[in-house]
There are 2 protein chains.
Amino acid sequence: MTTTSPYPGTQSVVRAISVLKAFTDEHPEWSLTPLAQELGLNKATTFRLLTALESESLIMRDPQSEKYRLGPAIVTLGGRALRANSLRVVSQGELQALAAETNETASLEVLHGKEALVLDEIAGNHVMTGSQSIGSRWPAHATSTGKVLLAALPEQRLRQVLPTPMPSYTPHTITSWDALLRDLAATRVRGYAVAREELEIGLLAIGAPVLNHDGQTVAAVSIAGPTLRLTAQRESEIAALVCACAARISRRLGL
Amino acid sequence: MTTTSPYPGTQSVVRAISVLKAFTDEHPEWSLTPLAQELGLNKATTFRLLTALESESLIMRDPQSEKYRLGPAIVTLGGRALRANSLRVVSQGELQALAAETNETASLEVLHGKEALVLDEIAGNHVMTGSQSIGSRWPAHATSTGKVLLAALPEQRLRQVLPTPMPSYTPHTITSWDALLRDLAATRVRGYAVAREELEIGLLAIGAPVLNHDGQTVAAVSIAGPTLRLTAQRESEIAALVCACAARISRRLGL
DNA sequence: AACAACGTTTCATATTATGAACTTAACCCG
DNA sequence: CGGGTTAAGTTCATAATATGAAACGTTGTT
């Protein structure tokens with residue numbers, strides 16, 4: 001290899017991480033050869049990396065299929081990362097209250113690059129599913145939380161972060177800079193963001209910013225649910241509850 | 001270094017993982033120098049490993065303190081590991097039902113070495129805290145789920161897995177082989193395990209085994225709560241509910 | 001102002017990671 | 001059956017890469 005690594009002396013570690021990241025929701029299970037091909041690594045190298053990761057339980061092998069999967073140590077590290085996040089810990093009670101008030105799914109998300117990362121999720125009583133998407137990432141420009149978080153960034157930063165063109169998920173996804181900047185401006189004025197079928201048809205979400213002691217947007221809280229239940233008339237009511245929840249969390253952060 | 005790694009060509013990767021694992025619940029934040037000392041690594045090496053991990057967002061730096069913490073990519077990987085776990089997905093509905101029936105905290109755990117790893121946790125209405133300890137590990141010999149899982153192992157395996165002496169957490173913790181083997185035998189006969197103040201004073205838990213299509217114990221389900229609420233008379237009632245829940249999950253696994 | 005402590009960078013060195021080629025095992029399919 | 005195909009895992013010579021001692025720069029302290 002003659003390619004220059006981002007930093008010297010980190011090739012194998014970066015490669016090992018790329019192995020870990022290959023295990024996605026869409027492809028949670030890999031065999032050696034396809035994985036090596038996917039990553040463009042030598043089979044022997046990939047095997048050694050997998051073995052090292054397996055010896056530390058970051059990766060395990062499915063007893064039946066013999067294929068590689070993410071292992072128990074990853075679960076433990078993920079739990080630690082969440083528990084170490086004071087934002088999440090502080091928010092949890094308020095988020096639960098919000099989910100109970102609205103009977104819809106409440107989420108807490110932070111910005112990571114061009115994506116909104118789900119730190120916590122409390123299901124309303126309508127759906128019988130608990131915290132299924134903690135750790136998931138959604139395209140920021142197509143979600144209410146994402147737009148709330150983007151609205152706090154200077155335009156220059158936006159241009160660095162967002163891909164051009166912005167990918168479209170439904171006919172209502174915002175894909176032009178013009179439309180996005182207008183929506184973000186409206187979000188700032190309004191104090192909350194609305195994403196109506198921008199990520200998925202039939203899905204509406206309303207998000208509000210969480211501010212730290214300094215007044216900076218550090219996270220977003222949202223309520224999401226089917227457009228069937230979240231009708232236009234309920235929208236302002238829900239928005240008020242989401243904003244109140246976000247404000248309470250902000251106050252707990254010392255605002 | 002002249003120490004032989006478990007496998008050749010994996011030193012830096014194993015070291016990088018040891019860096020990740022240094023971030024525990026007790027010590028979620030590290031500075032460079034103490035971390036290098038703790039791990040017995042050179043400061044420059046540790047710095048390079050941290051930089052590599054940070055470049056991939058497995059580690060981040062706290063904006064205020066400048067110290068290192070687990071990063072967003074770990075949260076994402078943890079979420080993927082959980083979602084990829086079909087056992088957890090299959091169990092979730094039943095676990096929620098159990099928590100609702102009993103109004104106490106329901107858990108799903110698997111054995112990992114000498115510890116029980118929490119895959120899912122649904123709080124009853126008494127406690128306002130959601131899935132705080134997913135990914136946590138508890139000493140198997142001192143928990144109901146742990147004893148259920150140990151009860152399925154041949155004695156020889158037990159001796160390999162469990163440390164001698166077994167650490168004690170309360171005056172009721174089982175620490176002798178004799179007592180443990182008797183308890184495990186009783187668990188097998190009874191069909192469920194009870195841990196009364198064995199891990200923590202005031203805490204009672206009742207666990208039952210989840211069996212796969214093959215009849216092998218692959219996980220344990222439990223209800224845990226304060227001895228104040230989980231009185232002796234409620235014990236058999238709770239045990240029946242826990243066993244029924246575990247049996248329903250087992251059936252879903254094809255038993 | 002001198003010192004101390006810590007994060008970060010440099011660089012010569014050889015240890016360690018690498019990948020081409022090989023071995024082994026399982027599995028088709030004629 | 002049995003010869004052929006595929007994929008997992010192993011070996012080993014090579015040099016590229018990780019290593020750590022020492023130097024550097026920055027910040028805070030006495």
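Below, chains carry the letters A, B, ... as their sequence lines are ordered, and counting in each starts from 1.
One interatomic measurement links the two molecules: CH2 of B/Trp30 to C1' of C/dG7, which rounds to 17 Å at whole-angstrom precision. If you measure from atom CG of A/Leu50 to atom C1' of D/dT10, you get 15 Å, rounded to the nearest angstrom. For the pair B/Phe47 CZ and C/dT9 C1', the interatomic distance rounds to 8 Å; values are reported in whole Å. Distance, A/Gln11 CD to C/dT15 C1': 15 Å, rounded to whole Å. Atom-to-atom, CD of A/Glu66 to P of C/dA25 comes out at 15 Å; the value is rounded to the nearest Å. As rounded to whole Å, 14 Å separates atom P of D/dT17 from atom CG of A/Leu49. The distance between atom CZ of A/Arg15 and atom P of D/dA16, rounded to the nearest whole Å, is 13 Å. Distance B/Lys67 NZ to C/dA5 C1': 14 Å, rounded to the nearest Å.
In this structure, B/Ser31 does not reach the C/dC6 phosphate: none of its side-chain N or O atoms is under 4.0 Å from OP1 or OP2. An OP1 or OP2 oxygen of D/dT17 is reached within less than 4.0 angstrom by no side-chain nitrogen or oxygen of B/Ser12. Contact annotation: A/Thr45 side-chain N/O to C/dG19 OP1/OP2 distance is under 4.0 Å.
Summary of the strand contacts: A/Val13 and A/Pro34 both lie near DNA chain D, and taking for each the nucleotide with the nearest heavy atom, the more 5' one is attributed to A/Pro34.
With a 6.0 Å radius and a threshold of 12 heavy atoms from other residues, nucleotides or ligands, B/Trp138 has its CH2 atom at or below the threshold. Residue-environment remark: CD (A/Gln160) exceeds the threshold of 12 foreign heavy atoms within 6.0 Å. The number of heavy-atom neighbours closer than 6.0 Å to CZ of A/Arg188, taken from other residues, nucleotides and ligands shown, is above 12. Annotation for B/Lys21: atom NZ counts as buried by contact number, over 12 foreign heavy atoms lying within 6.0 Å.
Ion pairing between a basic and an acidic side chain is recognised when a charged N comes within 4.0 Å of a carboxylate O; A/Asp62 and A/Arg69 show such pairing.
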Are there any protein N/O atoms within less than 3.5 Å of an N/O atom in nucleotides 13-15 of chain D, and if so, which ones and at what distance?
none

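The aromatic rings of B/Tyr169 and B/His141 sit tilted, their planes meeting at an angle between 30° and 60°.
Side-chain atoms of A/Ser107 and A/Glu121 include no donor-acceptor pair closer than 3.5 Å.
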Item to check | Under 4.0 Å protein heavy-atom contacts per nucleotide of nucleotides 21-30 of chain D, with B for base, S for backbone only and - for none | outcome: B---------
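Counting any heavy atom pair closer than 4.0 Å across all strands shown, B/Thr51 reaches no nucleic acid atom.
Cation-pi geometry between A/Arg159 and A/Trp177 is met: the NZ or CZ atom falls under 6.0 Å from the ring centre, inside 45° of the normal.
Nearest heavy-atom pair across A/Leu108 and A/Arg88 is CD2-CA, 3.8 Å.
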